[in-house]
*Asks:* 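Below is the structure I would like to discuss, written out as structure tokens.
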Number of protein chains: 2
Amino acid sequence: MARTQGSHSGITGPRVRAAALQLFAQHGYAAVSMRQIAREVGVQAGALYNYTPDKQSLLFDLMQTHMTELLAAREHSPRGATPTEALEHFTRLHLRFHSERPDEVFIAYMELRNLTPENFAKIEELRRSYEDGLETILRAGVNSRDFEVNDPKIAAMAVIAMLTGVNTWFREGGRLSLTEVEQIYWDMVRKAVGA
Amino acid sequence: MARTQGSHSGITGPRVRAAALQLFAQHGYAAVSMRQIAREVGVQAGALYNYTPDKQSLLFDLMQTHMTELLAAREHSPRGATPTEALEHFTRLHLRFHSERPDEVFIAYMELRNLTPENFAKIEELRRSYEDGLETILRAGVNSRDFEVNDPKIAAMAVIAMLTGVNTWFREGGRLSLTEVEQIYWDMVRKAVGA
DNA sequence: CAGTTATCTGAACATGCGTTCGTTTAAAAC
DNA sequence: GTTTTAAACGAACGCATGTTCAGATAACTG
């Protein structure tokens, strides 16, 4: 099913990114070769360089796109009238967004060390921005006495770590539905911050 | 300072494991070559094969040792008279043990996919055994009405994910001492399970 | 239908990989 | 002080790596 020369598919670009995403998530960036990605797409290795300047950019683009979409999803999601409501929205959005993108999440957490220092700094800034969003909600809740949180910065990290951990075991069609998982985790998060 | 031929150091074996640990944690298993490990030890690549049959065994040994020591630490730690006490011991032990071994923890969570299927199965069994320990505590607490937990298995995963997340930011000598971190996290865990 | 252009091939490049092995060395054993 | 032996060297193995590029091809343009 090898693609023939000269064919203007117009969809090879997305297919390259999709193949890289899946392979990086499964085997790790360093363990995946450009030839493997090319084989998955049905093309020779050289053809990949019509769509990415190099392997590093392929990784960076995947991570940047993921983080940007995460932040965009936050902006387009309801704010919540109270800190408790805002925290519930954050929790549910995080679970939903991450469960829909297991490969992206895996890469975003596992492949940071394979970014060049410059690329790493850019991704870290996006991540910090996301964490700050949660921290802001927690601080607001502490001020309004809705929450009982000792250290909002650490609580934000703890909550995100807990929520992201879902991706290590959750599979659509398993014992629990996403809705049930959301409820269970929102319960634990709410209690953990004393709301 | 290259080690000369024929020197019976008797300590090269541990040095090989230490170098592999540090390099695997920093760059990832797939990105580290046997020659890099050898250079770190001060030896030629071929000499490593006096201490490990191959690269894969090096990784597996590091992970197996880590998990075995974790389970051993659990066994030698106090049981706790009540479920709440048991959970507090678990929480504090986890934080203390993991904060002392950042490299081992990183590898144990990141390099699972680089294990052969047989080695992966062995490590997974050790991990499951650890998770089961926490799940047992949670079930006991639910039965005794000390805890309010919807789904003990998921709560166990959630708590472990939250606690292990500490390793992404905690550094000795930072803003908070380990003792303070323990207290903050025990607070959140206790509340999250409704104790 | 001819000309242009985007797309892909396939070979090549230098470099690095994990692993093996005959040889050399220096410490240990007697 | 000689023999033994564990430990390390250093070259070699076949193969894979990321990337480049001249040449071939097929779809689009006029």
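In the text below, chain A, chain B and the rest are named by the order of the sequence lines, each starting its count at 1.
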*Asks:* Identify each atom pair where a protein N or O and an N or O of nucleotides 12-14 of chain C are less than 3.5 Å apart, giving names and distance.
*Replies:*
from   : atom 1 : to    : atom 2 : distance (Å)
C:dA12 : N6     : A:R35 : NH2    : 3.4

*Asks:* Does a sphere of radius 6.0 Å around NZ in B:K191 hold more than 12 heavy atoms from other residues, nucleotides or ligands, not counting ones at 6.0 Å or beyond?
*Replies:*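 Yes.
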*Asks:* Of the residues in residues 22-34 of chain B, which ones touch DNA chain C at a heavy-atom distance under 4.0 Å?
*Replies:*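 Close to the strand are B:V32, B:S33, B:M34.
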*Asks:* Could you give the CG-to-P distance, from B:L48 to D:dG10, as a whole number of Å?
*Replies:*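 Distance, rounded to whole Å: 15 Å.
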*Asks:* Atom CG of A:D54 and atom C1' of D:dT20: how far apart are they, to the nearest Å?
*Replies:*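 After rounding, the gap between these two atoms is 13 Å.
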*Asks:* Would you be so kind as to tabulate the donor-acceptor pairs closer than 3.5 Å made by side chains of residues 157-169 of chain A, with sequence neighbours excluded?
*Replies:*
from   : atom 1 : to     : atom 2 : distance (Å)
A:T164 : OG1    : A:H94  : NE2    : 3.0
A:T164 : OG1    : A:Y109 : OH     : 3.4
A:T164 : OG1    : A:I160 : O      : 2.8
A:N167 : ND2    : A:H98  : O      : 3.2
A:T168 : OG1    : A:G165 : O      : 2.7

*Asks:* So, A:D151 and B:R175, do they make that salt bridge, N to O below 4.0 Å?
*Replies:*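 Answer for the salt bridge query: yes.
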*Asks:* Is there a side-chain contact between A:Q44 and the phosphate of C:dG10, meaning an N or O under 4.0 Å from OP1 or OP2?
*Replies:*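 For C:dG10, OP1 or OP2 has a side-chain N or O of A:Q44 closer than 4.0 Å.
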*Asks:* In residues 29-39 of chain A, what donor-acceptor pairs under 3.5 Å come from side-chain atoms, sequence neighbours left out?
*Replies:*
from  : atom 1 : to    : atom 2 : distance (Å)
A:Y29 : OH     : A:Q56 : N      : 3.2
A:S33 : OG     : A:R35 : N      : 3.4
A:S33 : OG     : A:Q36 : N      : 3.1

*Asks:* Starting at atom CG of A:N50, determine the distance to atom P of C:dT5, rounded to an integer number of angstrom.
*Replies:*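 Interatomic distance, CG of A:N50 to P of C:dT5: 16 Å.
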*Asks:* Take atom CZ of A:R39 and atom C1' of C:dT9, then tell me their distance rounded to the nearest Å.
*Replies:*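 So the CZ-C1' distance, A:R39 to C:dT9, works out to 16 Å.
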*Asks:* Among all residues two or more places apart in sequence or in another chain, which pass the ring-ring contact (aromatic ring centres under 6.0 Å, His included) test with A:F60?
*Replies:*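 Partners of A:F60 by the ring-ring contact (aromatic ring centres under 6.0 Å, His included) criterion come out as none, since no residue qualifies.
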*Asks:* Any idea which of D:dA8, D:dT19, C:dC8 is nearest the A:A47 side chain?
*Replies:*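 Shortest atom-to-atom distance from the side chain points to C:dC8.
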*Asks:* Rounded to whole Å, how long is the line connecting atom OH of B:Y49 with atom C1' of C:dT19?
*Replies:*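 So the OH-C1' distance, B:Y49 to C:dT19, works out to 5 Å.
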*Asks:* Is a salt bridge present between B:E135 and B:R139, judged by a nitrogen-to-oxygen distance below 4.0 Å?
*Replies:*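 Looking at B:R139 together with B:E135, the answer is yes, because their closest N to O distance falls below 4.0 Å.
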*Asks:* Looking at B:E148, I want to see if its CD is surrounded by more than 12 non-hydrogen atoms of other residues, nucleotides or ligands under 6.0 Å.
*Replies:*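 No.
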*Asks:* Check the distance between D:dA8's C1' and B:Y51's OH and give it to me in whole angstrom.
*Replies:*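 It works out to 8 Å between those atoms.
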*Asks:* Rounded to whole Å, how long is the line connecting atom CG of A:L58 with atom P of D:dT19?
*Replies:*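 Atom CG in A:L58 sits about 10 Å away from atom P in D:dT19.
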*Asks:* Enumerate, atom names and distances included, each donor-acceptor pair closer than 3.5 Å involving a side-chain atom of residues 78-91 of chain A, sequence neighbours excluded.
*Replies:*
from  : atom 1 : to     : atom 2 : distance (Å)
A:T82 : OG1    : A:E85  : N      : 3.1
A:E85 : OE1    : A:A81  : N      : 3.1
A:E88 : OE1    : A:W186 : NE1    : 3.4
A:E88 : OE2    : A:R92  : NE     : 3.0
A:E88 : OE2    : A:R92  : NH2    : 3.2
A:H89 : ND1    : A:E85  : O      : 3.4
A:T91 : OG1    : A:L87  : O      : 2.8

*Asks:* Is any side-chain N or O of A:T12 closer than 4.0 Å to OP1 or OP2 of C:dT7?
*Replies:*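 Answer is no, no contact under 4.0 Å.
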*Asks:* Hey, does the Lys NZ or Arg CZ of B:R128 hover above the aromatic six-ring of B:Y130, less than 6.0 Å from the centre and inside 45° of the axis?
*Replies:*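 Here B:R128 fails the 6.0 Å and 45° test against B:Y130.
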